[in-house]
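Let me begin by presenting the structure, written as structure tokens, before commenting on it.
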Protein chains: 2
Amino acid sequence: MTPTIKDVAAAAGVSIGTVSKVINKSGFVSERIRERVLLAISLLNYKPNAIARSLKQSKTKLIGILVDDISNLYTMKIIKAVENFAYEMEYNLISCSHNNQAEQEKKALQWLLEKRVDGIIIMPIGSDLDDLNVPNIMPLVFVETKDKNERFDSVIHENMHTSAGLVEHLYSHGHRKFLFIHGSLRHSAEKEKLVGIRQAISNLKLDIDEQNFLDAGTTLDSIAASVRNYLKHEGLPQGIYATNHLALAGTIRALWDMDIRVPDDIAIVGFGDIDTYGILKPSVTVAKQDPYEVGKIAYETLFERIEMDKPISEPKEFVISPKIILGASCGCHPIVNHRVPEVLSHLINETFHSE
Amino acid sequence: MTPTIKDVAAAAGVSIGTVSKVINKSGFVSERIRERVLLAISLLNYKPNAIARSLKQSKTKLIGILVDDISNLYTMKIIKAVENFAYEMEYNLISCSHNNQAEQEKKALQWLLEKRVDGIIIMPIGSDLDDLNVPNIMPLVFVETKDKNERFDSVIHENMHTSAGLVEHLYSHGHRKFLFIHGSLRHSAEKEKLVGIRQAISNLKLDIDEQNFLDAGTTLDSIAASVRNYLKHEGLPQGIYATNHLALAGTIRALWDMDIRVPDDIAIVGFGDIDTYGILKPSVTVAKQDPYEVGKIAYETLFERIEMDKPISEPKEFVISPKIILGASCGCHPIVNHRVPEVLSHLINETFHSE
DNA sequence: CATTGTAATGAAAGCGCTTTTAAATTATAA
DNA sequence: TTATAATTTAAAAGCGCTTTCATTACAATG
């Protein structure tokens, strides 16, 4: 049905080896023959079968990207960045969401391996990948979470100090009673952020207990619902700190739903993407995570591994230090004369202006 | 390096044909042998090579989805829907953005064809696909735009009457001077919407000329910039009608930037996704486009074509009639006693409540 | 003229699998 | 025991390509 290299060879009156050489611009082919082959190709509307080529070459020009949920805005921007770079290198992306379900993650990973993708970028569900039997030779980079077993590269953010910084930011605006909304503690990132929070609590001698921590779920809706529910029963804290993009979005949504005004009624800070939260009014103070940068580094790291074509000897860990971008979500003026903790003053390097 | 079926066969002391039968649960294999083979598979951590299988079977279990931009919220939701259904059927998605560039679209499509995907879902840039030489046998469905050449299936919205309905909605709230923000007229959908607008203008005897139409671009930022620029120079109309999701988002962004209040200063309506615009305050009156539904129909149509495995004889065209969901973005009360045009009363079947 | 070198082409193997066909084994009946 | 059938396994072809290696054609050289 679809023409093969054989048909082209027959039409051009040459051997299939010669056609292959024309297509791949390899070896010696005289100009006269080359043109005849090219003509036959366009006449037959021949498209080389990448499957056959992949089988022969053991390269698929395919990158698998396995994430929590492509409809998560932050995640999607990472994918978009990877896609941009992959396009340049003529790679295509197989993208899968695991929707925070271990079973889906396992299945998707299995499919990617069977499809012999050249590399994998993974934002895992949190369980380690040991039982998934990913071979060491597979180029693979973790994103936003560390590899527990330290077998593979990862690109992550500095979480602990940044997290402490956000607490101190709230503190510096005079707030004392907080609610912390975080994600699943299976993720190394979330655990680190909590460590930072507890450190700050201890340093600042805050009166905060376990009741002020809320694991709100994995979807925007469930988070918003949890927050609404919490606020309804526990009343308003002075400040909310949402430890990740989704938690922050869910929190804002909940406040919106409940007509709670920021910063008049409550202060909020969080980790997130400035393009999303910077344009809000009032703009939200965030530890800025740039998904484009994450995608770029992830792609570059992966690409290098693919090119190297040998097992990972030394897994690399890229740590991006987020800057705290001041918004107006904590009230306009920090308490004057308040000691700004050292760590905080380092983090605040940049202020976001909405055009 | 990676174990092959041969290694498994050797380890289990059987032929590769037998191993294949075990993997595919086909033919007769005695229980004793089956267990031996299964053991060898897990011992070797063998993963069948989908490439080799694809070559043999001429099926890849891969669906290509070529869209304007995966980071477009509306588009992304379509992808998400397709992904959900594809997962059930054990298909993977190769997703590509063409970013509204003809060259990228062509290249991506070429890659998908070479990779022998089992089917393609495409939201084209608007140029017709004639010169892309997609073979008729390829299962392919257009989304949000018609196939000019009527070779392939498509799932689209009813645009003309719905569009007229939105104009009439603005009219019924007492507004007379409008700005129409639309996308590229290469898209059949956009053209149809403009036809509807002109019909309504003529029916309602509105005094509106070409200056009130704005082709604002293809990215959120460019649209927002165009709108800001227009409003700065031309002043405020009474109502803005943005003909698609992106135009609506850009418009809202621009109004936000300029501190123009809705509906106090201006009324807005548009085509869009209720999940996005329904939660805004004030909620925006939209002709509701449900990306999940679009994705579902697109996938089902495609899947049927893939299963049928024969050339398209009768291309189908699925037309979804959007309902106009009333928000508060045009002012609360339509002018009483105003004749509600027939078409409008049909469209308004549903009202959106935010929980 | 024979020899060597160079450029261009073709023949053939093989990538890892599925699937058809043939062969081997076992069970059943004569 | 032998013939026949039923069941199970092995052998081999081939999917469409790349790539190595051998071959051919031709010009240049001694």
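Since the structure is predicted, the reported quantities are computational estimates derived from the model, not experimental observations. Lettering follows sequence order; numbering is per chain, from 1.
- At whole-Å resolution of the value, NZ in Lys21(A) and C1' in dA8(C) are 8 Å apart.
- At a threshold of 4.0 angstrom between heavy atoms, the contacts of Thr18(B) are confined to the sugar-phosphate backbone, with no base atom among them.
- For the segment residues 2-16 of chain B, residues with any heavy atom less than 4.0 angstrom from an atom of DNA chain C are, sorted by number, Thr4(B), Ile5(B), Ile16(B).
- Between Glu31(A) and Arg34(A) there is a salt bridge, since at least one side-chain N of the basic residue sits less than 4.0 Å from a carboxylate O of the acidic one.
- A salt bridge is absent between Glu293(B) and Lys77(B); no separation between the charged side-chain nitrogens and carboxylate oxygens falls under 4.0 Å.
- Side-chain atoms of Ser95(A) and Ser95(B) include a donor-acceptor pair closer than 3.5 Å.
- Pairing each heavy atom of Asp153(B) with each of Glu314(B), the nearest pair is OD1-O, 4.3 Å.
- Within the structure, every side-chain polar atom (N or O) of Ser20(A) is placed at least 4.0 Å from both OP1 and OP2 of dT19(D).
- Position along DNA chain D of the nearest nucleotide to Arg116(B) versus Lys56(B) favours Lys56(B) as the more 5'-ward residue.
- Between the side chains of Lys61(B) and Asn92(B), no donor-acceptor pair is found at a separation under 3.5 Å.
- Checked by atom type, the side-chain pair Glu83(B)/Ser97(A) shows a donor-acceptor distance below 3.5 Å.
- Residue Asn49(B) places none of its side-chain N or O atoms closer than 4.0 Å to OP1 or OP2 of dC15(C).
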